[in-house]
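Worksheet for the structure shown next.
Whatever order the structure lists them in is the order used to number ligands and atoms, beginning at 1. Heavy atoms only: backbone and side chains are in, while hydrogens, waters and symmetry mates are out.
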Amino acid sequence: MEYINNELHLGPKKKNLKSLTANYMRPIYVYDLDFIRMRFAAMSQALKNVRIFYAMKANPNPEVLRCLKEAGSGADVVSLGEIKRALENGFSPADIVYSGVGKTRHEITEALKLDIYQINVESLPELERIGQIAKEMGKKAAIALRLNPDIDIKTHPYIATGLRDNKFGMELSLVPELIRCLKSYAGSLELVGVSLHLGSQMLEFEGYKEALERLKKVFIALQKEFSSLQRFDFGGGLGIYYDRLDLAKEEAILKEYAEITLSSLQELNCDLQSEPGRWLLGHAGVLLTQVQYVKKTSEKTFVIVDAGMNHLIRPSLYEAEHLILPLDKKSEEGVFDIVGPICESSDFFAKDRKIAKVKEGDFLAVMDAGAYGYSMASSYNLQELPLEICI
Ligand SMILES: Cc1ncc(COP(=O)(O)O)c(C=O)c1O
């Protein structure tokens, strides 16, 4: 983004964000499809010969999905709702990897009816459940085992998933039982992959490297038992910077991530898969919101805007710090808490933040809100959901 004639513009085609507020009614998420295409191309180039399955929980906007499908992506989904949304927007069942710890009988049955490309299994009871249902239906389910290598990637605890005390994936010590179960359902379960996802906002890779080493050994051992095992899915989780815009550094980090992954996994001689979300979408979106009041107390000055934690929950949930910029550049700055209208003290976008001195009616852009923004929005307090615009 950049200011041109003191007005904030977004993306490679430099869209003037102010032009989108002409008939402003309520907060608006704006997504830049060119930027998403650019990021997908950069990632595909770095991760040569890796099939990318976009983790659509990051942003399941229909235009975003169509854009990524056209760019060559598959879809990583975590519910029947996401499967349906993917199918409605151009993906075929052969493009879909189905992850998630709580798949219901109904969801599994529907996924099997569709012959989904791969189901990432997260527990022994889930494997058994899929085996039973597939048997009853006369189907053979393509299974990947999501393994939990018990590795700390030093991210916010709420987005770490690869530790022993997380609910995700299966401990390596469970492998003998998984083998027994797979063999007892040999006609109904086909082991096609091993999968890994350590968590989100990964910006350094010591833990990731170690996780790949651990899972490689398991992969090789499993392949001796199941010749059908041909896919290694190394998950998503590549991080972005929220406190600055440094795309060159992010591309350098992407290269490092790709080199570590490809050099570690090449000896497996198998198909490689990835499930990125945030890296593709994070910077591609902003949340536009309007200042309602500037409220001074003896302690602080609050900028009260019309968007709240119900629209973008990341600051409240993960203590995420998004850049916040005025659409009209200002010469003066002040220190403010930027807060929403929701009746919770955790409803804030920034605390004691030095930003442009704004007044009632001004517009602000909460930057880098393209991933886990609208997809986590709710209508708490019976506030309307924000609008979404793709440019
Ligand atoms: C199984 C799985 N894969 C991929 C992702 C995408 O992660 P990110 O958006 O950090 O790339 C997630 C995110 O929670 C996930 O749970």
Side-chain angles (χ1 to χ4, degrees), residues 31 36 39-40 42-44 46-47 50-61 64-65 68 73-79 81-83 86 95-103 116-123 126 143-149 151 153-163 166-170 193-205 207-208 211 215 231-242 250 253-254 257-258 261 272-285 313-314 317-318 320 368-376:
Y31 311 126
I36 297 170
R39 294 285 264 199
F40 185 82
M43 192 169 251
S44 307
L47 293 171
V50 173
R51 184 158 181 211
I52 295 176
F53 293 83
Y54 164 57
M56 63 181 273
K57 64 172 80 66
N59 185 331
N61 175 280
V64 167
L65 292 181
L68 281 163
S73 186
D76 172 71
V77 306
V78 287
S79 69
E82 288 192 350
I83 291 176
D95 296 322
I96 297 178
V97 169
Y98 185 11
S99 310
V101 292
K103 301 176 193 82
I116 293 286
Y117 180 71
Q118 175 178 311
I119 302 180
N120 288 356
V121 173
E122 305 246 9
S123 66
E126 185 194 337
I143 294 299
L145 301 176
R146 178 169 177 187
L147 298 173
N148 180 335
I151 295 270
I153 57 162
K154 303 196 169 46
T155 188
H156 190 282
Y158 290 4
I159 48 176
T161 61
L163 283 157
N166 296 137
K167 68 179 173 181
F168 300 98
M170 295 175 282
V194 159
S195 103
L196 163 75
H197 176 72
L198 290 181
S200 214
Q201 268 303 73
M202 201 167 39
L203 284 159
E204 50 111 320
F205 305 113
Y208 176 64
L215 288 206
R231 302 175 193 161
F232 193 106
D233 177 345
F234 54 88
L238 187 59
I240 62 171
Y241 292 117
Y242 282 98
E250 286 184 8
I253 295 176
L254 166 69
Y257 170 72
T261 309
L272 299 182
Q273 298 173 191
S274 156
E275 304 164 356
R278 185 189 312 274
W279 201 88
L280 298 173
L281 261 294
H283 294 312
I313 202 172
R314 299 193 67 263
L317 188 60
Y318 309 128
D368 308 317
Y372 307 104
Y374 190 96
S375 61
M376 295 178 90

Polar atom proximity, [X] to ligand 1 (N or O, under 3.5 Å):
{"X": "E275", "value": "yes"}
{"X": "S200", "value": "yes"}
{"X": "Y372", "value": "yes"}

Taking the basic N atoms (NZ, or NE/NH1/NH2) and the acidic carboxylate oxygens, is any pair closer than 4.0 Å for R51 and D95?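 So R51 pairs with D95 through a salt bridge.
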Are K57 and E82 within salt-bridge range, i.e. N to O under 4.0 Å?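 So K57 does not pair with E82 through a salt bridge.
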Considering only heavy atoms of [X], which atoms of ligand 1 have at least one such atom less than 4.0 Å away?
{"X": "G277", "result": "8 (P), 9 (O), 11 (O)"}
{"X": "R146", "result": "1 (C)"}
{"X": "G236", "result": "4 (C), 11 (O)"}
{"X": "D76", "result": "3 (N)"}
{"X": "A55", "result": "4 (C), 5 (C), 6 (C)"}

In terms of relative ring orientation, are F205 and Y257 parallel, tilted or perpendicular, with 30° and 60° separating the classes?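 F205 and Y257: tilted rings.
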Could you give the distance from CG (D76) to OG (S195), rounded to the nearest 0.5 Å?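 So the gap between those two atoms works out to 8.5 Å.
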Flag for R278-S200: side-chain donor and acceptor within less than 3.5 Å: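 Looking only at side-chain atoms, R278 and S200 do form a donor-acceptor pair, the distance falling under 3.5 Å.
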Are the side chains of R39 and I240 in touch, meaning some heavy atoms are under 4.5 Å apart?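 They are in contact (side-chain heavy atoms under 4.5 Å apart), so the answer is yes.
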For E122 and N120: C-alpha separation, side-chain torsions, deciding distance, then whether side chain to side chain donor-acceptor pair (under 3.5 Å) applies. CA-CA 7 Å; E122 305 246 9; N120 288 356; over 6 Å; no
Nearest to atom 11 (O) of ligand 1 by heavy atom, G237, G239, G235: which?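 Heavy atom nearest to atom 11 (O) of ligand 1 belongs to G237.
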Whether P276 lies under 4.0 Å from ligand 1, heavy atom: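 Contact present.
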